Amino acid sequence: MATVEKSEKGSGGKKGAAGEIPVENPATGEIIATVPNMGADEVRAMAERGRAVQPAWEALGFEGRGRVLLRAQKWLIDHRERVIQTIVSETGKTYEDAQLAEISYGASAFGFWAKNAPKYLADVKVKSSNRILTGKKMILRHRPVGLVGVIGPWNYPLTNSFGDCIPALAAGNSVILKPSEITPLTSLLMAEMLEECGLPSGVFQVATGLGDTGRALIDEVDMIMFTGSTATGRKVAVAAAERLIPCSLELGGKDPMIILRDADLERAANAAVFFSMQNSGQTCISTERVYVEAPVFDEFVEKVTSKVADLRQGHSTGPGTVEVGAMTFPPQLEKVESHVADAVSKGAKVLVGGKRREGAGDFFEPTVMVDVDHSMEAMTEETFGPTLPIMKVEDAEEAIRLANDSPYGLGASVFSKDVERGEAVARRIEAGAVCVNDAMLNYAALELPMGGAKTSGLGSRHGAGGIRKYTEQQAIMVSRFHPKRDMHMYPYSEKVTQRLGKLFAVLYGRGDRG
Ligand code: NAD
């Protein structure tokens, strides 16, 4: 298990002494800890340990494993201030962003998987339509793959890194989590939590390190769950293919929001501001671009602009201090800056914000842009920052066409007082999830699958598929009543073969048998 060592403030940038990674608070610039950059040998040793203890964890059954998960649920709530403080210090996000999207998600996920794993993974009794098999017992079983590797991004260290470990554990697997090198501390705290809650040692381990540590992990595990950028996701898919292990990929997005002319503009404006600026826009399902029907464009833009201008930004020192926090990953600031500069150079107008904030910490001002189009990166590539480009469209048809004009297909939203029309538009958007008069909230419904279309991912989390992916299907057939020799067994005889031929003709000769 990696240990966290405190290091001197300002002792370096993102690359520290050999074998160590400094962790920085992006809201203050302080180095708050260092963690080991683990190599392939350490990952292999972890894998051996994880495999050795997995059978005993599986043997505990759903009830035994569920007890540990429910203890962890309580632990998370009892220790929430410590967890929030850890998340805030390594991401620079606000207290509220950590509480709403991380603590509440983690606590609900522990309960959800403890309760639903037995249902989703229960043996299924199967009946075959094949008459030859009459009397045989047939079962579809989901058995754990064994050792699962989870690789996570920096934007939600609890929800998007650790969160995917919960169903993998509930299914009876051992898990090794490789958190982002930018935000490893929350994962280490989660390991401490699980140990205190009685998880057998070695069932959950954290491999801290850079991309190479993630690459080494893929070489050791039976299944890989990856959340991160589309570019890295492609590399992970190739590495998994080389080993012929399954992978599940949750990747980038460029979520559109469509405002139809009959929308409740006050709600739509509040939603556009919140879902684009929440977590400083560093959410895979952030609203990244908005299309507004011409008759309501000016009013919508006016509302959004005044709301964004009122947002307080800075170092979150507790509940209610600021609405918008820091950019977690410093190079992300350059990307946001370059998207804004590209848009402005092609004719976009910045109505609020538009630049880095002066002073300590990594902050980009909440930004609203208009006069944008699809020649601009801000409308076509994932920005992952607190920016909101708003484009005027003639009608819903143009909005749908532009929403679908993207290599991504993660989430989307539609606003209309006519909810049936809103749903009809939603069904035409090429995205894994679409909300009507809302955005992003589908993530909180753990019963619904969450996964991307197009280059936004492969597979999904949540729902039955979100835990079955950590298992292998096994078919079991038990022949309870068995003669010494079945008709089709050796030796072959003309008489029996002809009899079987007649039987098949009776069974299937009419062309109407299922
Ligand atoms: P990233 O792809 O740079 O890194 C993700 C993880 O992959 C990190 O832990 C990194 O160390 C590791 N990694 C890097 N190279 C690797 C390799 N060759 N093999 C194995 N692992 C490797 O992503 P990021 O910048 O940390 O996260 C931001 C991205 O994540 C955004 O694109 C965002 O949309 C996406 N994201 C998607 C979801 C989702 O559910 N779809 C959720 C959160 C974030």
Side-chain angles (χ1 to χ4, degrees), residues 62-63 65-88 91 93-121 148 150 152-153 155-173 175 177 179 183 186-187 189-194 196-199 204 225 227 248 250 274-275 278-279 283-286 319 410-411 432-433 435 438-451 459-470:
F62 291 116
E63 221 184 300
R65 296 196 294 272
R67 268 198 297 275
V68 175
L69 299 183
L70 291 176
R71 280 202 289 270
Q73 182 184 47
K74 181 167 174 355
W75 190 102
L76 195 56
I77 294 299
D78 290 348
H79 297 79
R80 61 188 179 279
E81 292 303 325
R82 186 176 163 208
V83 182
I84 289 173
Q85 195 271 331
T86 303
I87 295 172
V88 169
T91 61
K93 66 175 70 182
T94 64
Y95 183 98
E96 284 78 5
D97 285 340
Q99 181 188 57
L100 267 175
E102 306 238 49
I103 298 293
S104 87
Y105 176 85
S108 123
F110 275 123
F112 179 82
W113 294 116
K115 182 174 167 216
N116 290 294
K119 184 177 87 185
Y120 289 145
L121 300 182
V148 171
V150 177
N155 59 335
Y156 286 97
L158 197 162
T159 297
N160 283 148
S161 285
F162 179 73
D164 289 313
C165 302
I166 304 173
L169 289 168
N173 297 288
V175 176
L177 167 61
T183 55
T186 306
S187 298
L189 182 56
M190 294 296 95
E192 193 183 318
M193 167 190 75
L194 287 175
E196 276 184 35
C197 293
L199 187 81
F204 175 73
M225 168 65 220
T227 304
S248 186
E250 298 291 344
F274 181 73
F275 291 113
Q278 173 271 351
N279 213 42
T283 301
C284 52
I285 44 176
S286 288
L410 197 53
C435 296
D438 239 312
M440 226 189 259
L441 275 196
N442 58 289
Y443 203 99
L446 299 181
E447 297 77 4
L448 275 178
M450 188 272 166
S460 59
R461 54 165 71 91
H462 301 163
I467 188 164
R468 288 186 186 151
K469 69 184 180 184
Y470 298 120

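This one's a predicted model, so the numbers in the text were calculated from it and none came from an experiment. Residues: numbered from 1 along the sequence shown.
Between S161 and Y156, the side chains place no donor N or O within less than 3.5 Å of an acceptor N or O (distance only, hydrogens not considered). A donor and an acceptor atom, one from each side chain of S286 and Q278, are nowhere located under 3.5 Å apart.
Put simply, the side chain of V83 reaches to within 4.5 Å of the side chain of M190, judged on heavy atoms. Residues I77 and I103 have side chains in contact (heavy-atom distance under 4.5 Å, counting atoms from C-beta outward). Contact of the S248 side chain with the M225 side chain is registered, since non-hydrogen atoms from C-beta on lie closer than 4.5 Å. Proximity of F62 to L121: side-chain heavy atoms (C-beta onward) are separated by under 4.5 Å at one or more points. N155 places none of its side-chain heavy atoms less than 4.5 Å from the side chain of T91. Using a 4.5 Å cut-off on side-chain heavy atoms (C-beta onward), I285 and M450 make contact. Looking at R71 and W75, their side chains never come closer than 4.5 Å, going by heavy atoms from C-beta outward. By the 4.5 Å heavy-atom criterion applied to side chains, T183 and I87 are not counted as neighbours.
Atom CG of residue L199 and atom CZ of residue F204 lie 8.5 Å apart, to the nearest 0.5 angstrom. Between atom OG1 of residue T186 and atom CG of residue L158 there is a gap of 6.5 Å, rounded to the nearest 0.5 Å. To the nearest 0.5 Å, the span separating CG on D164 from CG on L177 amounts to 9.5 Å. The structure places CD1 of I467 at 14.0 Å from CZ of R461, a figure rounded to the nearest 0.5 Å. Atom OH in Y470 sits 9.5 Å away from atom CG in L169 (nearest 0.5 Å). Rounding to the nearest 0.5 Å places CG of N160 at 5.5 Å from SG of C284.
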Exercise for the section: Begin from the C-alpha positions of Q73 and F112 and carry the test side-chain contact (heavy atoms from CB on, under 4.5 Å) through to its verdict. Expected result: CA-CA 10 Å; Q73 182 184 47; F112 179 82; over 6 Å; no
Practice task
Start with the C-alpha gap between M440 and F274, add the side-chain angles, then the distance that decides, and say whether side-chain contact (heavy atoms from CB on, under 4.5 Å) holds.
Solution key: CA-CA 10 Å; M440 226 189 259; F274 181 73; 5.8 Å; no
Exercise for the section: Please lay out, stage by stage, how F275 and T283 fare under the test side-chain contact (heavy atoms from CB on, under 4.5 Å). Expected result: CA-CA 9 Å; F275 291 113; T283 301; over 6 Å; no
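Applying the salt bridge (charged side-chain N to carboxylate O under 4.0 Å, His left out) test to pairs two or more places apart or on separate chains, those with a residue in residues 94-109 are K93-E102. For residues 110-119, the set of pairs meeting the salt bridge (charged side-chain N to carboxylate O under 4.0 Å, His left out) definition, not counting sequence neighbours, is empty.
Judged as a salt bridge (Lys or Arg N to Asp or Glu O under 4.0 Å), and not counting sequence neighbours, the contacts of R67 are E63.
Across every non-hydrogen atom of A433 and N442, the tightest pair is CB-ND2, 3.2 Å. Listed here is the closest heavy atom pair of V175 and A168: CG2-CB, 3.7 Å. A pairwise comparison of heavy atoms in A107 and L76 identifies N-CD2, 3.4 Å as the closest pair. Here the closest non-hydrogen pair linking V88 and A98 is CG2-CB, 4.1 Å. Heavy-atom minimum distance, A114 versus P118: O-CD, 3.6 Å. Between L448 and H462, the closest heavy-atom pair is O-CB, 3.1 Å.
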